[in-house]
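Please read the structure below before turning to the comments.
Just so it is clear, the structure is predicted and the values come from calculations on it, not from any experiment.
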Amino acid sequence: MTAVTDQDHTEHADQPDDADQPNGDTHQAEAAGSAGGAAAGSDGRSATRAAGGSAGGAAPRAAGGSAASALPDPDAPEGGQRSQERADHGTHARGRDGRTDSGGAWDDGLIARRVDETTGGERYHAADSRSAAPTAVTPLVYDGVLRSRLEALRELVGLSRTRLDSRTLAGAGRVLDEASARRRLSGQHTVVAIAGATGSGKSQLFNALAGVTISETGVRRPTTAAPIACSWSDGAASLIERLGIPPRLRRRPLPTGDAESQLRGLVLIDLPDHDSAAVQHREHVDRILGLVDAVIWVVDPEKYADAVLHERYLRPMAAHAEVMFVVLNQIDRLPGEAAEQVLDDLRRLLDEDGIALGEYGEPGTTVLALSALTGDGVGELREALGQFVAERGAPARRISADVDIAAARLWPVYATQRRTGLSEQAREEFADRLADAVGATAAGEAAERAWLRNANRACGTPWLRLWRWYQDRGEATTGRLPSRTQADEEATARQRVEQAVRTVADRASAGLPAPWAQAVREAAVRGSQGLPEALDELSVRAGVPTGRPPRPGWWPVAVLSQASMTILQFLGGLWLLGQIVGVMAPNLGVPVLLMVIGIVGGPLIEWSCRMAARGPARRYGLEAERRLREAAAGCGRARVLDPVAAELLRYREVREQYGRVVGA
């Protein structure tokens with residue numbers, strides 16, 4: 001039962017003054033609940049005027065004084081007591097005017113007002129009142145898969161903050177914030193927005209679903225200046241507050257029994273036109289579309305293929321196909337089979353947008369054709385919407401789709417199609433380059449030559465050793481590494497080190513997304529600072545030790561044998577000398593034989609020792625080269641490879657988290 005009155009003289013402290021309303025749309029904003037209310041009488045839900053009453057009269061109350069009470073806001077913060085006090089005050093005020101009787105109370109916080117263009121007066125339309133009692137709100141609960149994806153996304157953002165800029169992670173951060181905020185709110189309600197272009201009839205469809213004129217319709221554009229909320233059950237206050245819709249723009253539908261229970265849990269939002277000339281209206285649409293659980297897109301036969309709708313909204317929201325309805329309105333304007341043809345073309349366009357259609361029981365967008373003016377097809381939409389709300393799965397599906405979109409946008413900074421990392425071959429080549437830079441091979445060869453020289457000196461004949469001593473007396477001490485102090489050698493070594501670092505950095509970053517490749521290269525460059533100097537110090541400490549190299553076990557025997565050959569030469573020579581001076585009896589055979597044995601045996605022993613010394617000398621040189629190589633490799637590993645490996649490990653961690661986010 002709807003009551004009609006001309007004017008309400010009651011003032012309320014919690015209602016904003018006309019001056020506080022933007023753009024001078026005070027009447028329009030307050031009229032959102034009942035514009036066109038008089039016309040609602042055609043379907044049995046309009047107010048019944050008192051007998052003999054005029055346009056300026058008040059409708060009499062039914063027996064008991066409750067049938068004509070106003071629609072309450074189920075989520076109004078003041079509760080029933082303050083509403084009743086305001087209503088009583090308004091009742092007495094009107095009673096003094098003779099406008100209404102004093103038997104009932106008005107809760108005008110939800111009354112929608114519209115300027116009567118015919119008479120210039122104001123009218124209020126209200127539906128039956130229901131008491132607003134506190135309702136326990138059950139928070140939304142995400143399933144295990146979605147919780148795991150959100151946790152992985154949160155971990156992914158945390159691991160990436162030092163490697164990616166804030167703009168890249170902003171979208172993922174917003175998804176996490178909205179998911180956390182939605183989880184704390186009611187899980188028994190589904191917030192559905194009705195969106196559409198100018199003249200598509202979305203407000204008319206909004207009123208048809210509510211069963212009462214709530215949102216103003218008309219030929220003036222734009223008609224809907226601010227979003228209006230209509231809740232079919234209590235407990236949705238926090239959800240509506242999250243959308244920024246004030247209490248004066250919150251409504252309750254006309255109670256109609258089965259229709260109300262069918263949509264119980266639904267919170268329907270009538271949005272301004274998404275193509276409105278007013279920038280503020282478009283901002284309302286974009287902001288609320290990012291917060292609601294589902295969207296009903298209303299299109300008309302003239303602008304269903306509008307590029308703005310498809311490119312700005314439908315195509316970017318293709319991942320939200322399961323929480324979208326696309327409704328072709330105004331089919332009463334299409335003759336014959338034209339409605340089916342337009343509907344088929346609309347499905348084709350949606351398919352080109354990448355939107356999955358929920359046909360044949362498959363998950364996806366529901367596409368319907370209806371006429372909000374005649375009611376044709378509205379029942380089918382109400383049934384589909386009721387089943388959609390009853391499932392209580394739209395909020396989670398919306399968040400899951402948001403995660404999909406965030407993951408798709410992060411794909412270029414996390415995903416790669418090739419194997420990444422440092423192979424063993426790359427590590428070995430880096431170590432070889434550093435070993436060449438410090439001259440490990442040359443140091444080993446020098447150590448080998450030093451060992452051979454020591455062996456030759458120890459095991460050579462006295463005459464050859466005397467000759468070599470004469471040649472080497474001006475040279476450096478045997479067994480020491482040559483000094484690397486020349487400027488050209490140092491420059492060459494530094495260039496080799498820098499080239500080795502660049503090569504290993506390029507190989508480690510190959511195939512990585514740009515931010516992580518840059519991080520790997522930066523880590524390698526930081527580690528290479530001071531590396532040439534550190535390698536120079538290592539070459540001195542780990543090179544060939546000073547002094548004589550170690551001697552094998554056969555060395556004393558060879559030295560003793562060489563000494564014996566020398567003694568034999570001296571004995572033979574003294575024997576011959578004694579015979580010459582006449583001290584000894586002449587006998588040339590024995591002394592000559594002794595001298596020949598000593599002269600031939602010395603070089604023979606020296607040659608044998610040289611052959612035997614090649615193996616130990618080679619091993620000694622290789623050991624010196626190995627020590628220097630290991631020292632250079634250890635220095636390069638600590639300064640370059642370990643930081644690079646740390647960056648690669650971090651990338652593998654975020655790649656694993658990204659795999660959890662995308663469900664791989």
Side-chain angles (χ1 to χ4, degrees), residues 22-23 25 28-29 32 166-182 185 190-203 205-206 215 221-230 239-246 249-250 267-300 303-327 349-350 353-355 365 394-395 397-406 408-409:
N23 302 327
D25 290 335
Q28 178 180 328
S166 57
R167 290 180 299 177
T168 304
L169 299 174
R174 283 193 297 269
V175 171
L176 292 173
D177 293 341
E178 296 301 336
S180 178
R182 184 63 182 91
L185 303 178
T190 302
V191 184
V192 181
I194 296 184
T198 303
S200 60
K202 55 184 178 55
S203 296
L205 178 60
F206 181 82
S215 186
R221 298 289 180 255
T223 303
T224 305
I228 301 173
C230 182
L239 285 170
I240 301 177
E241 289 173 0
R242 178 170 174 250
L243 303 180
I245 300 177
L249 296 179
R250 304 178 191 177
V267 179
L268 198 61
I269 311 296
D270 185 20
L271 296 179
D273 303 331
H274 68 73
D275 60 350
S276 173
V279 177
Q280 186 179 10
H281 296 180
R282 298 197 300 270
E283 291 176 351
H284 278 311
V285 173
D286 295 342
R287 178 179 59 83
I288 294 181
L289 284 179
L291 300 175
V292 297
D293 301 326
V295 184
I296 299 176
W297 291 100
V298 181
V299 298
D300 60 79
K303 296 196 293 186
Y304 72 92
D306 183 25
V308 174
L309 171 65
H310 289 269
E311 294 177 5
R312 183 176 179 182
Y313 293 102
L314 294 181
R315 197 167 299 162
M317 296 182 66
H320 297 85
E322 294 186 42
V323 291
M324 286 199 305
F325 294 78
V326 179
V327 175
L349 292 175
L350 294 177
D353 292 335
I355 298 177
T365 298
R397 289 200 293 268
R398 168 61 194 259
I399 296 299
S400 180
D402 289 340
V403 174
D404 290 339
I405 293 177
R409 290 174 179 172

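- Scanning all heavy atoms of the two residues, the minimum distance from P227 to I245 falls at O-CG2, 3.8 Å.
- The environment of R174 atom CZ is sparse: at most 12 non-hydrogen atoms of other residues, nucleotides or ligands sit within 6.0 angstrom.
- A salt bridge between E178 and R398 is absent, with no side-chain N of the basic residue lying under 4.0 Å from a carboxylate O of the acidic one.
- The two residues A172 and A406 make their nearest non-hydrogen contact at CA-CB, 4.2 Å.
- When atom types are taken as modelled, the side chain of K303 and the backbone of T198 share a donor-acceptor pair closer than 3.5 angstrom.
- For the atom pair CG of L268 and CD1 of I194, the computed distance is 4.0 Å after rounding to the nearest 0.5 Å.
- The two residues L349 and A305 have their closest heavy-atom pair at CD1-CB, 3.5 Å.
- Here D275 does not pair with R312 in a salt bridge; the nearest charged N to carboxylate O distance is not below 4.0 Å.
- Note that CD1 of I288 is 5.5 Å distant from CG of L243, once rounded to the nearest 0.5 Å.
- The shortest distance between side-chain heavy atoms of D273 and K202 falls below 4.5 Å.
- Residues Y313 and V295 fail the side-chain proximity criterion, which asks for heavy atoms closer than 4.5 Å.
- Salt-bridge check for D293 with R182: passed, with a basic side-chain N closer than 4.0 Å to an acidic carboxylate O.
- Looking only at side-chain heavy atoms (C-beta outward), V403 and S400 stay at 4.5 Å or farther from each other.
- Side chains of S200 and V299 form no contact here, defined as non-hydrogen atoms less than 4.5 Å apart.
- Taking all atoms of both residues into account, the shortest heavy-atom contact from A401 to A319 is CB-O, 3.4 Å.
- Closest heavy-atom contact between L289 and V292: O-CG2, 3.9 Å.
- Under a 3.5 Å cut-off, the side chain of R242 and the backbone N or O of L291 do form a donor-acceptor pair.
- Within the model, atoms SG of C230 and CG of L249 stand 12.5 Å from one another, a figure rounded to the nearest 0.5 Å.
- Ring orientation note: the planes of W297 and H274 are nearly perpendicular, at an angle over 60° on the 30°/60° scale.
- Of all the heavy atoms in M317 and M324, the pair that sits closest is O-CE, 3.6 Å.
- Between the CD1 atom in I269 and the CD1 atom in I296 there is a gap of 11.0 Å [rounded to 0.5 Å].
- For the side chain to side chain donor-acceptor pair (under 3.5 Å) criterion with S276, the lone passing option out of E283, H284, H281, R282 is H281.
- Atom CD1 in I228 sits 12.0 Å away from atom CD1 in I240 (nearest 0.5 Å).
- With a 4.5 Å cut-off on side-chain heavy atoms, H320 and I405 count as touching.
- Other residues, nucleotides and ligands contribute over 12 non-hydrogen atoms within 6.0 Å of the CZ atom of R315.
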